[in-house]
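Since the structure comes first, as structure tokens, the remarks are kept for the end.
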Amino acid sequence: MRKALLDTVWADAELVWEFHRLRHRPKPCSAAVALGCNDLGVAAHAAELYHRGLFPVVVFSGGNSRETARAFPRGEGVHYRERALELGVPDEAILVEPHATNTGENITLSREVLAAAGIEVSSLMLVSMPYMERRAFATTRKVWPEVEPVCASAPVSLTEYALRTQHGTELIDMIVGDFQRLIEYPRKGFAIPQKIPPIVYSAYRRLVVAGFRSRML
């Protein structure tokens with residue numbers, strides 16, 4: 001019974017995970033913004049996309065949060081830059097935005113950094129954790145509607161991501177928290193609304209009832 005329950009929970013989490021991922025086709029963009037978080041793999045994926053010639057400059061955006069202060073004491077953007085340099089991204093292709101504490105600030109402050117550098121942006125690659133793609137897209141459409149956002153993240157399954165990042169069931173809490181923000185943030189003016197299929201919303205509600213609520217608003 002316990003395994004059956006766990007299998008059901010994981011199946012629901014996979015439904016929500018896949019909804020978060022937009023699966024945009026990568027294409028050349030004016031610039032990229034890598035959204036700071038607790039996963040240094042975001043910086044690595046941004047470096048990979050840079051080496052594929054998909055953008056000429058990347059902004060590593062992020063200050064600190066309760067989840068990242070210990071791992072990235074100098075700030076998410078700074079540590080991302082250091083990782084990208086290790087992976088061969090030239091310093092002249094990197095900008096750092098060291099103050100953002102949420103996704104809206106990631107975008108608005110990165111916009112200011114790019115403008116100060118004299119970089120004109122018509123399309124923007126948003127590099128994030130897989131389950132942040134949809135929220136990054138919805139936020140950018142709201143706060144920077146002039147640009148075309150293209151979302152990118154490591155092409156991994158929920159199981160692969162959990163193993164790679166050594167997350168336990170708290171990963172499900174994170175996925176649920178991001179989903180709730182897709183619902184609530186448009187009401188607050190932080191993002192554009194997203195059409196949510198009933199099957200995905202039902203999976204989300206079952207996860208909430210099952211207790212995966214620690215990252216909810």
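Numbers for residues simply follow the sequence, beginning at 1.
For the salt bridge (charged side-chain N to carboxylate O under 4.0 Å, His left out) test, no residue two or more places apart in sequence or in another chain qualifies with Arg141. Residues forming a ring-ring contact (aromatic ring centres under 6.0 Å, His included) with His79 (at least two apart in sequence, or on another chain): Phe72. Among residues two or more places apart in sequence or in another chain, the salt bridge (charged side-chain N to carboxylate O under 4.0 Å, His left out) test is passed with Arg181 by none. Residues satisfying the side chain to side chain contact (heavy atoms under 4.5 Å, CB included) criterion with Pro155, sequence neighbours excluded, are Arg21, His45. Glu92 is linked by a salt bridge (charged side-chain N to carboxylate O under 4.0 Å, His left out) to nothing, counting only residues two or more places apart in sequence or in another chain. Evaluation of the side chain to side chain contact (heavy atoms under 4.5 Å, CB included) rule for Ser202 yields Arg206 as partners, not counting sequence neighbours. Arg213 pairs by the salt bridge (charged side-chain N to carboxylate O under 4.0 Å, His left out) definition with nothing, not counting sequence neighbours.
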Problem - Val176 and Arg215: CA distance, side-chain angles, deciding distance, side chain to side chain contact (heavy atoms under 4.5 Å, CB included) verdict - result: CA-CA 7 Å; Val176 167; Arg215 300 304 178 92; over 6 Å; no
>> Show, in sequence, the C-alpha distance, side-chain angles and deciding distance for Arg74 and Glu82, and conclude whether the salt bridge (Lys or Arg N to Asp or Glu O under 4.0 Å) test is met.
In response: CA-CA 11 Å; Arg74 296 185 303 283; Glu82 293 169 354; 2.6 Å; yes
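The ring pair (Phe, Tyr, Trp, His ring centres under 6.0 Å) contacts involving residues 115-150 comprise His24-Phe137, where partners must be two or more places apart or lie in separate chains. The list of ring pair (Phe, Tyr, Trp, His ring centres under 6.0 Å) pairs with a residue in residues 170-198, not counting sequence neighbours, reads Phe19-Phe179, Phe179-Tyr204, Tyr185-Phe190.
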Using atom types as modelled, flag every donor-acceptor pair under 3.5 Å from a side chain in residues 112-122 to any protein atom, sequence neighbours excluded.
unit_1 : atom_1 : unit_2 : atom_2 : d
Ser122 : OG     : Ser30  : OG     : 3.3

Without placing hydrogens or testing angles, list every side-chain donor-acceptor pair under 3.5 Å for residues 48-63, not counting sequence neighbours.
unit_1 : atom_1 : unit_2 : atom_2 : d
His51  : NE2    : Leu87  : O      : 2.8
Ser61  : OG     : Glu97  : OE1    : 2.6
Ser61  : OG     : Asn106 : ND2    : 2.7

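Under a 3.5 Å cut-off, the side chain of Glu14 and the backbone N or O of Leu158 do not form any donor-acceptor pair. Between the Glu133 side chain and the Leu22 main chain, a donor and an acceptor come within less than 3.5 Å of each other. A donor-acceptor pair under 3.5 Å links the side-chain atoms of Asp173 to the main chain of Ser214, judged by distance alone. Side chain of His20 to backbone of Pro130: no donor-acceptor contact under 3.5 angstrom is found. Under a 3.5 Å cut-off, the side chain of Glu105 and the backbone N or O of Thr101 do form a donor-acceptor pair.
In the hydrophobic clustering (ILVMFWY side chains linked at under 4.5 Å, chained through shared members), Leu163 stands by itself.
Linking ILVMFWY residues whenever their side-chain heavy atoms come closer than 4.5 Å, directly or via other members, leaves Val33 and Leu109 in distinct clusters. Ile192 and Val150 fall into different hydrophobic clusters, where Ile, Leu, Val, Met, Phe, Trp and Tyr are joined by side-chain heavy atoms under 4.5 Å apart, directly or via other members.
Residue Arg134 holds its CZ atom at 12.0 Å from OG1 of Thr139, rounded to the nearest 0.5 Å. Note that NZ of Lys142 and OG1 of Thr108 are 14.0 Å apart. Values are rounded to the nearest 0.5 Å. The CG atom of Leu35 sits 11.5 Å away from the OG atom of Ser153 when rounded to the nearest 0.5 Å. Note that OH of Tyr201 is 8.0 Å distant from CD1 of Ile196, once rounded to the nearest 0.5 Å. The distance from atom CD of Glu148 to atom CG of Leu124, rounded to the nearest 0.5 Å, is 10.0 Å.
No salt bridge links Glu86 with Arg81; every basic N to acidic carboxylate O contact stays at or beyond 4.0 Å.
For the pair Arg164/Thr159, no side-chain contact is recorded, criterion being any heavy-atom separation below 4.5 Å from C-beta on.
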